[in-house]
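In what follows, chains carry the letters A, B, and so on, assigned in the order in which the sequence lines appear, proteins first and then strands, with residues in each chain numbered from 1. These numbers were taken from a predicted model, which means no experiment stands behind them.
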Number of protein chains: 2
Amino acid sequence: MIESLKENIAKHISISNKELDDFCRLFKIRSVKKKDHLLREGEVCNFEGFVSNGLFRIYHVDYNGFEQILYFATTDWWITDIDSFTNEKPSMLSIEALEDSEVCLISKSDKDFAYEHYPKIERLFRIMTQKTHVSLQRRMIDNLSKTADERYLDFIDKYPHHKRLSNRLIAGYLGISHEFVSKIRKKLSQGK
Amino acid sequence: MIESLKENIAKHISISNKELDDFCRLFKIRSVKKKDHLLREGEVCNFEGFVSNGLFRIYHVDYNGFEQILYFATTDWWITDIDSFTNEKPSMLSIEALEDSEVCLISKSDKDFAYEHYPKIERLFRIMTQKTHVSLQRRMIDNLSKTADERYLDFIDKYPHHKRLSNRLIAGYLGISHEFVSKIRKKLSQGK
DNA sequence: ACAAAGCATTGAACAAGTTCAACAAAATTC
DNA sequence: GAATTTTGTTGAACTTGTTCAATGCTTTGT
């Protein structure tokens with residue numbers, strides 16, 4: 001639904017209805033089945049997307065074959081590999097639907113067109129990039145200073161959608177083994 | 001020196017000399033003595049800065065009293081707490097000079113003025129924020145998947161300025177104890 | 001040049017997290 | 001709805017990194 005995209009944009013910047021309509025017309029809606037990939041490592045990411053419904057994981061497979069999850073994108077989040085998208089180079093990341101989902105996608109040329117014609121849009125993306133930057137910074141600090149137990153609790157606390165995620169996915173996000181997630185849960189459910 | 005600021009900006013965007021001059025006139029030069037703080041946790045960060053000479057650490061003191069170093073900013077880097085600066089709220093971060101240094105500083109109102117009058121500047125900061133975002137993302141993945149030894153080697157490898165840093169500072173960046181840095185060094189110098 | 005403070009190194013005991021293997025419980029598939 | 005695959009749980013042995021304490025080495029300030 002394009003409506004939720006409009007709402008999301010209006011939350012970040014002030015923009016006229018006309019401009020908002022024009023910009024949103026550049027997006028194409030796409031349904032993605034559970035387990036389908038929007039992007040695979042090695043491909044060039046040719047879209048920036050807004051999740052109008054569903055759930056995705058953005059992840060990287062490390063040299064040991066472990067899947068490190070950078071973040072989960074649920075309804076109302078944006079997804080892309082900025083590096084690959086803006087510099088048109090092969091992606092280190094993959095994006096997979098964890099549930100049947102729907103996204104609004106914009107191509108690089110259409111986004112560049114928007115940057116040239118609607119200065120507000122340049123601001124929109126500056127602000128959004130800043131926000132994700134701030135939260136990444138905070139996560140970086142937390143990862144450096146907190147134990148796995150604390151990070152697990154923080155995660156559960158901060159992301160209501162954790163209930164839709166398996167232990168293995170949570171482990172991939174926290175950077176620990178799934179067995180250890182299991183042990184943390186046990187410890188918490190017992191003596192707390 | 002304002003010249004190095006101009007060069008740095010020209011590296012990121014194409015901009016007329018006139019606009020570049022006008023924008024750079026908004027900066028004030030400031031010398032900072034070794035061990036002086038440009039920003040202390042709890043203060044609102046009222047500047048964005050470009051390091052024209054010297055070396056800084058940007059860090060956070062965690063709830064155990066440990067200093068987590070987010071990054072080092074040497075000559076040609078930008079420094080600020082974006083969150084505090086843009087949202088005018090108390091900072092979680094501190095910024096300290098590790099050597100006698102010189103920075104070019106711009107205030108929030110002057111930067112907002114620039115955003116309104118020079119659209120190129122909005123682009124400059126979008127691009128810079130994107131770049132730091134990409135490198136933070138990569139560091140996040142590395143921290144999740146690599147051991148301390150590997151991260152130490154990566155760091156030494158990637159940052160030529162590591163020679164100006166004590167073990168304790170490197171430890172603060174890698175998120176490990178300074179004793180362990182010492183042990184890693186020993187291991188590397190011996191059997192490799 | 002000296003004292004004081006901070007920095008680096010090392011070892012021993014400990015804590016946090018991994019790995020492997022075995023089994024139970026859900027969820028998918030045909 | 002039975003069979004197959006994926007997910008979760010638990011224990012034992014192991015690896016990685018921490019903590020604390022002792023010692024010597026550099027800086028720094030005066």
Side-chain angles (χ1 to χ4, degrees), chain A residues 33-37 55 57 59 61-69 72 96-100 142-156 161-192, chain B residues 33-37 55 57 59 61-69 72 96-100 142-156 161-192:
Chain A
K33 279 263 161 61
K34 181 170 175 171
K35 289 193 182 172
D36 273 2
H37 275 79
L55 179 62
R57 68 196 255 248
Y59 68 99
V61 181
D62 74 21
Y63 60 116
N64 291 315
F66 281 89
E67 300 184 348
Q68 303 297 337
I69 295 176
F72 299 101
E96 183 200 9
L98 298 174
E99 300 174 354
D100 290 349
D142 283 355
N143 264 316
L144 288 173
S145 57
K146 296 187 175 176
T147 64
D149 298 38
E150 293 170 311
R151 282 180 292 143
Y152 176 79
L153 284 172
D154 284 358
F155 178 76
I156 291 302
H161 59 256
H162 73 263
K163 286 174 188 159
R164 298 193 258 159
L165 301 171
S166 68
N167 270 5
R168 299 171 117 88
L169 290 170
I170 295 176
Y173 180 89
L174 296 176
I176 58 180
S177 66
H178 68 272
E179 293 96 330
F180 198 59
V181 171
S182 200
K183 284 165 191 171
I184 291 174
R185 290 180 104 137
K186 192 189 178 192
K187 195 163 65 178
L188 291 174
S189 73
Q190 290 181 343
K192 263 222 118 177
Chain B
K33 278 262 161 60
K34 181 171 175 171
K35 288 194 181 170
D36 273 2
H37 275 78
L55 179 61
R57 66 196 256 248
Y59 67 100
V61 181
D62 74 21
Y63 61 117
N64 291 315
F66 282 89
E67 301 183 350
Q68 304 296 338
I69 296 177
F72 298 102
E96 183 201 7
L98 297 175
E99 302 174 354
D100 291 349
D142 283 355
N143 264 311
L144 288 174
S145 58
K146 296 187 174 175
T147 65
D149 299 38
E150 293 171 309
R151 275 154 34 209
Y152 175 80
L153 284 172
D154 283 359
F155 178 75
I156 292 302
H161 58 257
H162 72 262
K163 286 175 187 159
R164 299 193 257 160
L165 301 171
S166 67
N167 271 5
R168 299 171 116 87
L169 290 171
I170 295 175
Y173 180 89
L174 297 177
I176 58 180
S177 67
H178 68 273
E179 292 96 330
F180 198 59
V181 172
S182 201
K183 284 164 193 172
I184 291 174
R185 290 179 102 137
K186 192 187 177 193
K187 194 163 64 180
L188 291 175
S189 72
Q190 291 181 342
K192 264 223 120 177

What is the distance from [atom1] of [X] to [atom2] of [N], rounded to the nearest Å?
X         : N       : atom1 : atom2 : result
Leu98(A)  : dT28(C) : CG    : P     : 12 Å
Glu67(B)  : dC7(C)  : CD    : P     : 10 Å
Leu165(A) : dT6(D)  : CG    : P     : 19 Å
Lys186(B) : dA8(C)  : NZ    : C1'   : 13 Å
His178(B) : dC7(C)  : NE2   : P     : 9 Å
Leu174(A) : dG17(C) : CG    : P     : 11 Å

**Message:** Once ring-ring contact (aromatic ring centres under 6.0 Å, His included) is applied, do any residues pair with Phe155(A), and if so which ones, sequence neighbours excluded?
**Reply:** Tyr159(A), Tyr173(A)

**Message:** My understanding is that only residues two or more places apart in sequence, or in another chain, count here; which of them pass ring-ring contact (aromatic ring centres under 6.0 Å, His included) with His178(B)?
**Reply:** none

Does a side-chain heavy-atom distance below 4.5 Å link [X] with [Y]?
X         : Y         : value
Asp62(A)  : Leu144(B) : no
Leu98(B)  : Arg164(B) : no
Lys187(B) : Tyr152(B) : no
Phe180(B) : Asp149(B) : yes

Closest non-hydrogen atom pair between [X] and [Y], with its separation:
X         : Y         : answer
Lys33(B)  : Ala97(B)  : O-CB, 3.6 Å
Ile69(B)  : Leu169(B) : CD1-O, 3.4 Å
His161(B) : Leu165(B) : O-CG, 3.7 Å
Arg151(B) : Asn143(B) : NE-OD1, 3.0 Å

Between the protein and nucleotides 23-30 of chain D, list the N/O to N/O atom pairs that are separated by less than 3.5 angstrom.
{"from": "dT28(D)", "atom 1": "OP1", "to": "Lys34(B)", "atom 2": "NZ", "distance (Å)": "3.3"}

**Message:** Under 4.0 Å, heavy atoms only, any strand: does Ser182(B) hit a base, just the sugar-phosphate, or nothing?
**Reply:**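 Ser182(B): base contact, heavy atoms under 4.0 Å.
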
**Item:** Residue pairs involving residues 167-183 of chain A (criterion salt bridge (Lys or Arg N to Asp or Glu O under 4.0 Å); sequence neighbours excluded)
**Value:** none

**Message:** Across nucleotides 14-22 of chain D, 5' to 3', mark each nucleotide with B, S or - according to how protein heavy atoms within less than 4.0 Å reach it.
**Reply:** ---BBBB--

**Message:** Let me check the geometry of the helix from dA1(C)-dT30(D) to dC30(C)-dG1(D). What is the bend angle between the axes at its two ends, five pairs each, to 10°?
**Reply:**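 Answer rounded to 10°: the end axes differ by 70°.
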
